[in-house]
Visitor: 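Take a look at this one; I'll ask things after.
Because the structure is predicted, anything quoted here is derived from the model rather than measured. Throughout, a chain's letter reflects where its sequence line sits, starting with A, and its residues are numbered from 1.
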Amino acid sequence: MPWKGISDPYKIWVSEIILQQTKVEQGEKYYVAFVKKYPNVADLANANQEELYALWQGLGYYNRCKNMMLAAKEIMHSHGGKFPNTYAEILSLKGIGAYTAAAISSFAFHQPYAVVDGNVVRVLSRVFAVKDSFHTAKGKLAFQLLAQSLLSKKEPSAYNQAIMDLGALICRPKNPNCQECPFQKNCKAYLADEINIYPTKKTKLVIKERFLHFFLFEDKHHLYITKRTGNDIWRNLFTFFSIESDNAEKVEFPNDIKIVHSVEPQVISQLLTHQKITGIFHHCKTNPQIIAKLNLIQIKKNALSQFAFPRLLISFLEKNNYL
DNA sequence: AAAGCGGGGCT
DNA sequence: AGCCCAGCTTT
């Protein structure tokens, strides 16, 4: 790598920013071009923004170079053009977070700050069987403290480089080379044969789409409803008799329920935290046998407000002037 | 805590 | 098509 052995904090900074969310192979030529066109902080601070963006073209995350220029100007104005050498000052620069501040202060200034990036998280989570996700505040703190406690205070630079290399080359995301890993005998994940569950993923919010077909039974003065039970949404609330389907068009309904085909079913959706509920309201022909068979509750239309309905039902009732 | 920000490689 | 990756800022 072209930045190998470099001690200039500016060039280390450039390399670290380029490598954020970017593969080494992809970033290399950008790094070479960048330090050639802008060899130092002053050059970057005085850069033409159009040219800077042009140089960055294809690399993505364009705020990275925008922030670098802002930071370069800040270094010129507040630090006399000399790259700051304390963690706090480095961290305060635009576009530099905990990882990059630790990387620069350890690599350029040999200060004892442990880097925590994706590689480090992977290594530590496996070796120490850390199940907290780095994407939570708790997990972030846990990995930060653990990494800092392991850091070699004598050679923070070598330590940081080593643990990231271990993550990149041996303790890889897929097919880690545990046979050649120096920590094989100490790795809790390996010993438990649980390499594949680490690092714990961010729990992505999956919005499940559900289709509830409601069957509306009524007569002149009454509606027929049911109380929802079971471990599902709207427990203990009242709705029309319903059947769930995997689509809005078709539903398997009992043979003895007669849909009023002259009335198109009404469709209303409601977005919940984890579910998108689509209600399809079918107007049905009512007869006493079905009411009894489905064990429906007869309520007076002028007493609807005494019952707790889900919002989706309220919407339907309001739209149709029941409420 | 979650969204937004690019692009490329991998499955 | 979805997931992941040497992150940070804004909301």
Visitor: Taking ring-ring contact (aromatic ring centres under 6.0 Å, His included) as the test, write out the residues that go with A:Y31, two or more places apart.
Guide: A:W3
Visitor: Distance check, P atoms only: C:dT11 and B:dG6, in whole angstrom units.
Guide: 15 Å
Visitor: Under the salt bridge (Lys or Arg N to Asp or Glu O under 4.0 Å) definition, can you give me all pairs with a residue in residues 28-43 of chain A, not counting sequence neighbours?
Guide: A:K37-A:E51
Visitor: Under 6.0 Å from the CD atom of A:E155, do we count more than 12 heavy atoms belonging to anything else shown?
Guide: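 Counting neighbours around CD of A:E155, 12 or fewer heavy atoms of other residues, nucleotides or ligands fall under 6.0 Å, so no.
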Visitor: Starting at the 5' end of DNA chain B, which residue's closest nucleotide do you reach first, A:Q26 or A:T136?
Guide: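 That would be A:T136.
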Visitor: Rounded to whole angstrom units, what separation is found between the CD atom of A:E25 and the P atom of C:dC5?
Guide: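 Computing the A:E25:CD to C:dC5:P distance gives 15 Å.
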Visitor: Write down the distance between NZ (A:K23) and C1' (B:dG7), rounded to a whole number of angstrom.
Guide: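 Rounded to whole Å, this separation is 10 Å.
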Visitor: When the P atoms of C:dT9 and B:dG8 are considered, how many whole Å apart are they?
Guide: 24 Å
Visitor: Out of the candidates A:I299, A:T226, A:I297, A:L304, only one should pair with A:F238 under the side chain to side chain contact (heavy atoms under 4.5 Å, CB included) rule; please name it.
Guide: A:I297
Visitor: Using the ring-ring contact (aromatic ring centres under 6.0 Å, His included) criterion, which residues pair with A:H213? Sequence neighbours excluded.
Guide: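 Checked A:H213 against ring-ring contact (aromatic ring centres under 6.0 Å, His included); matches are A:H282.
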Visitor: Who passes ring-ring contact (aromatic ring centres under 6.0 Å, His included) against A:F316, sequence neighbours left out?
Guide: A:F240, A:F281
Visitor: Provide, to the nearest angstrom, the distance between the OH atom belonging to A:Y198 and the P atom belonging to C:dC4.
Guide: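 Distance check: A:Y198 OH to C:dC4 P gives 17 Å.
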Visitor: C1' atom, B:dG9 versus C:dC8: distance in rounded Å?
Guide: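 Pairwise C1' distance, B:dG9 against C:dC8, rounds to 23 Å.
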Visitor: So which one's nearest nucleotide on DNA chain B is more toward 5', A:Y62 or A:N175?
Guide: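 First, find each residue's nearest nucleotide; the 5'-ward one identifies A:Y62.
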Visitor: If I take atom NZ in residue A:K140 and atom C1' in nucleotide B:dA1, what distance separates them, rounded to the nearest angstrom?
Guide: 10 Å
Visitor: Could you identify which residues of residues 32-59 of chain A place a heavy atom less than 4.0 Å from some atom of DNA chain C, listed by residue number, or say none?
Guide: none
Visitor: Among pairs that include at least one residue of residues 110-125 of chain A, which meet salt bridge (Lys or Arg N to Asp or Glu O under 4.0 Å), considering only residues two or more places apart or in two chains?
Guide: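 Those involving residues 110-125 of chain A do not exist here.
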Visitor: The criterion is salt bridge (Lys or Arg N to Asp or Glu O under 4.0 Å); which residues satisfy it with A:K293, sequence neighbours excluded?
Guide: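 In terms of salt bridge (Lys or Arg N to Asp or Glu O under 4.0 Å), with neighbours along the sequence ignored, A:K293 is linked to A:D256.
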Visitor: Using the test ring-ring contact (aromatic ring centres under 6.0 Å, His included), find all partners of A:Y113 that sit at least two apart in sequence or belong to another chain.
Guide: A:Y87
Visitor: Specify the separation, in whole Å, of atom OH of A:Y30 and atom P of B:dG8.
Guide: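 One finds 7 Å between P of B:dG8 and OH of A:Y30, rounded.
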Visitor: Please measure how far the C1' atom in B:dC5 lies from the corresponding atom in C:dC4, and state the result in whole Å.
Guide: 16 Å
Visitor: If a protein heavy atom is under 4.0 Å from the base, mark B; if only from the sugar-phosphate, S; if neither, -; do that for nucleotides 6-11 of chain C going 5' to 3'.
Guide: BBSSS-
